[in-house]
Amino acid sequence: MNGITGTDLIKACSAIGAGLAVIAGIGPGIGQGIAAGHAAAAVGRNPGAKSDITSTMLLGQAVAETTGLYGLLIAMLLLFVQPLAK
Amino acid sequence: MNNGILLSGEVDFMVKGVFSYHIFGQEVWITTTHVCMSIVILSIIVFCVLAKRSMLRAEAVPGGFQNIAELVVELLDGVVEGSMGKNAIKFANYIGTIFIFILLSNISGLFGLRPPTADYGVTLPLGVITFCLIFFNKIKYQKVSGFLKGLCEPWPIWAPINVIGDVAVPISLSLRLFANVLSGTVMMALVYSLLSKIAIAWPAALHVYFDLFSGAIQTYVFCMLTMTYITDAIGDK
């Protein structure tokens, strides 16, 4: 452990934290899958409304994606801006 | 650019300063965002001037450029009409403007620019404009009493939570757009820098997804949510 400064340690922990932060992607993945599954069922029931269903599904999925993107942003900040290592 | 941990000097997606100048004792940087945004705005202005010129010589049977201009305007008006109903006529201009601006900004990554919307300094003002519009319309149509009543739903003790919910609107709107475009930019930068030996032709497919598809979806979502919030603020009157 010689030669490892406190800054190095903080950077290493930031990398681990960034990896942990993108676990936030699990939630939106499940949510988007559920939305897509229900949209597929809806198209099966009413094929005439396919375009409406698709646009509604995409809108909902894009909103559900937000929480995952927050995790991504935290990971980006930890890796590239490094607020803790200053 | 400070040293990233893993990828220092290899991956290049940061906002970079082009030159700086001093004004009122402040150091102000002109960055890549300013340059790319100027290019986007210039292309929009050129389109507008051409559209204006073709509309001055408008014909009953549109042809050529007049056709394109009418198509764009009708498409945007239709989108606004579809989600705002009778209030559409007042907001069609604003929604159309931000739609075209965000769309062109998002897909400017295709043309080798750094998308201006991958800078939080661009998306936060867009979110704040939406927030001001929501607030203004709430006061205008529901009056101060209705606004205060809305804050105290369902019980007065919930007011702080409602305030937080209102303030979170511009933040979540702008962060959603920013993070989506930034993630696309970062992934394209990773592909081009780390896989530079084998990145021949196939990144085009990634461009179609990250720039065109994701950019268009996020543009649509931003405008859709703006319209939904404004319609909600206007109420049933």
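Proteins get letters first, then strands, A, B, ... in listed order; numbering begins at 1 in each. Here the structure is a predicted model, which means the values were calculated and not measured.
The local environment of CD in B:Q26 is sparse, with at most 12 non-hydrogen atoms from other residues, nucleotides or ligands closer than 6.0 Å. No more than 12 heavy atoms of other residues, nucleotides or ligands shown are found within 6.0 angstrom of CH2 on B:W158. Other residues, nucleotides and ligands place no more than 12 heavy atoms under 6.0 Å from the CD1 atom of B:I89. Within a 6.0 Å radius of NZ in B:K90, other residues, nucleotides and ligands contribute more than 12 heavy atoms. Taking a 6.0 Å sphere around CD1 of B:I41, one finds it holds more than 12 heavy atoms contributed by other residues, nucleotides or ligands.
You'll find the side chain of B:F178 reaches within 4.5 Å of the side chain of A:L73, heavy atoms only. For the pair A:V63/B:R176, a side-chain contact is recorded, criterion being any heavy-atom separation below 4.5 Å from C-beta on. Residues A:T66 and B:L175 form no side-chain contact, since every pair of their non-hydrogen atoms from C-beta on lies 4.5 Å or further apart.
Heavy-atom distances place both the backbone and the side chain of A:L59 under 4.5 Å from chain B. Within the 4.5 angstrom heavy-atom criterion, no atom of B:Y120 approaches chain A. Neither the backbone nor the side chain of A:Q61 comes within contact range of chain B, judged by heavy atoms closer than 4.5 Å.
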Q: I would like to know whether B:N180 and A:L69 meet side-chain contact (heavy atoms from CB on, under 4.5 Å); could you show each step before the answer?
A: CA-CA 7 Å; B:N180 263 291; A:L69 289 170; 2.9 Å; yes
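A:A62 and B:V221 get closest at one heavy-atom pair: CB-CG2, 3.2 Å.
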